[in-house]
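Each remark here refers to the structure printed beneath this line.
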Amino acid sequence: MFARSAGGLDAIAPTLPDVGPTPIPFFPRPTPTRPTTVRRAIPRAARAPARRLLPAHLPLFDWLEKRFAPGEATLWVGASSALEPMLEMLYAGSALAGGNLSLIEGANRFHPYRIAEAGRGVGTDPEAVLDRIRLARAFTAYQLVALVDGWAKELHRAPATLLVGHDLPTLFFNEDELPADERVPLLRHVAATLSEVVRTSRRPLLLTLPGGLAQFPGLPEYGPRLFDLVRIEATDRAVELSAYRDGSRLSLVARGPNQVGLEAFAPTEPKEVIAPWGAPRQRTAKRWKSG
């Protein structure tokens, strides 16, 4: 379990006190009977590049790609009306890059038609987007705990390139189904289990929290290591994304009614030429003779 955040997220998660070094007993190693083979380390530049989660040719996906890291968690915070359209775009981008998603849906807000439309908007097959999402829904807090507990085994059966937990704490705030005194212990258990899932799978994890970190008690102390936090805010004119790790921002602005796009400057297609087929040949002024 990791309690200390990475990079600029130290202000988000509390740090552990420094308890000093732990003495380790030393035992002399026996003399090897066979010569030891020393393998030459492969330079970092010569290693195979890591597989991308999202396509690189679209600025939005290239910006989002930098917010994920293997074996660590990324948080998206903001209103659900701003988070969910961006989440649907993430699903489409992952499918366009050939990736597979493992999703635990905690708020029962999975819209296949909107996700398919997002896939069509980025130029991929809408059905392929849905086929690459492995969905698990929970309708009670106890069901969600069971799904998180079995997530590691599920990833062995169906490996994924990206893990997504959409609004997991929502079900724990239903006092009609879950006593208030059980909320914090269960959420701490979920946070600790998520840490183990991310550690063993070495996959990036995305958690969407419309209510921020206060909505998920125990996540900073018991959850996976935090790589970045992205705040998403939507207005009438634009969608603003702010990353806390490096302070970068991205604005998505809607095109105005009189604003032209790059497609307006594309070369015009050649005019269609209709040639007769199966008709008698036209006569020419000069008669042709053989010999």
Side-chain angles (χ1 to χ4, degrees), residues 1-9 11-14 53-54 64-80 82-91 94 99 101-110 133-138 141 144-145 147-152 154-155 160-173 183-184 186-233 241-245:
M1 295 181 292
F2 298 89
R4 180 169 298 176
S5 302
L9 295 180
I12 299 175
L53 299 174
L54 301 169
L64 292 176
E65 174 82 18
K66 301 174 183 177
R67 314 302 145 200
F68 295 99
E72 300 186 33
T74 298
L75 306 183
W76 283 7
V77 298
S80 297
L83 287 177
E84 292 178 6
M86 194 60 56
L87 195 60
E88 292 160 2
M89 287 293 296
L90 180 74
Y91 298 158
S94 175
L101 278 165
S102 182
L103 167 64
I104 293 184
E105 175 61 55
N108 197 20
R109 291 197 301 270
F110 184 84
I133 301 175
R134 195 166 181 87
L135 170 66
R137 298 191 186 190
L144 192 139
V145 172
L147 290 177
V148 175
D149 287 344
W151 208 356
E154 172 64 22
L155 293 175
T161 55
L162 178 62
L163 314 181
V164 179
H166 178 216
D167 209 352
L168 299 184
T170 296
L171 296 172
F172 294 84
F173 289 85
R183 179 185 306 146
V184 174
L186 284 178
L187 283 174
R188 287 178 177 175
H189 171 78
V190 170
T193 307
L194 289 176
S195 178
E196 185 65 17
V197 170
V198 171
R199 185 188 67 82
T200 56
S201 66
R202 296 297 302 167
R203 293 292 181 267
L205 169 66
L206 172 63
L207 296 175
T208 62
L209 298 175
L213 278 172
Q215 186 184 1
F216 203 145
L219 182 64
E221 299 86 0
Y222 304 98
R225 185 181 180 91
L226 301 180
F227 179 75
D228 205 349
L229 186 148
V230 178
R231 182 173 296 277
I232 304 176
E233 299 176 342
L241 294 87
S242 304
Y244 278 54
R245 184 175 182 85

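Values in this document were obtained by computation on a predicted structure and should not be read as measured data.
Contact of the F216 side chain with the L75 side chain is not registered, since no non-hydrogen atoms from C-beta on lie closer than 4.5 Å. The shortest side-chain heavy-atom distance between L205 and W151 falls under the 4.5 Å cut-off. A 4.5 Å side-chain heavy-atom check between L87 and L206 finds at least one atom pair inside the cut-off.
The structure places NZ of K66 at 14.0 Å from CG of L53, a figure rounded to the nearest 0.5 Å. Taking CZ of F110 as the reference point, atom CD of E84 lies at 11.5 Å (rounded to 0.5 Å). Rounding to the nearest 0.5 angstrom, the gap separating the CD atom in E221 from the OG atom in S195 is 12.5 Å. For the atom pair R202 CZ and E72 CD, the distance stands at 7.5 Å (nearest 0.5 Å). Distance check: L187 CG to F173 CZ gives 6.0 Å after rounding to the nearest 0.5 Å. Expressed to the nearest 0.5 Å, how far CG of L162 lies from CG of L54 amounts to 7.5 Å.
With hydrogens and angles disregarded, a donor-acceptor distance shorter than 3.5 Å links the side chain of R203 to the backbone of A160. Between the side chain of E105 and the backbone N or O of R109, at least one donor-acceptor pair lies under 3.5 Å. Remark: the backbone N or O of H189 is paired with a side-chain donor or acceptor of T193 at under 3.5 angstrom. Side-chain atoms of E233 do not come within 3.5 Å of backbone N or O of A82 as any donor-acceptor pair. With R134 contributing its side chain and S102 its backbone, the two residues share no donor-acceptor pair below 3.5 Å. Between the side chain of D228 and the backbone N or O of R245, at least one donor-acceptor pair lies under 3.5 Å.
The only member of L226, V77, L229, V230 that meets side chain to side chain contact (heavy atoms under 4.5 Å, CB included) when paired with Y244 is L229.
Listed here is the closest heavy atom pair of A191 and P224: O-CD, 3.9 Å. Minimum heavy-atom separation, G106 to L171: O-CG, 3.3 Å. Heavy atoms only, all atoms of each residue included: A152 and V197 are closest at N-CG2, 4.1 Å.
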Would you please test L155 and T200 for side-chain contact (heavy atoms from CB on, under 4.5 Å) and show each step? CA-CA 10 Å; L155 293 175; T200 56; over 6 Å; no

Would L241 and M86 count as a side-chain contact (heavy atoms from CB on, under 4.5 Å) here? Give the steps. CA-CA 10 Å; L241 294 87; M86 194 60 56; 4.2 Å; yes

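Listed by chain and residue number, W76, T208, P210, I232 satisfy the side chain to side chain contact (heavy atoms under 4.5 Å, CB included) test with L83 (two or more places apart in sequence, or in another chain). Listed by chain and residue number, A107, D167, Q215 satisfy the side chain to side chain contact (heavy atoms under 4.5 Å, CB included) test with T170 (two or more places apart in sequence, or in another chain).
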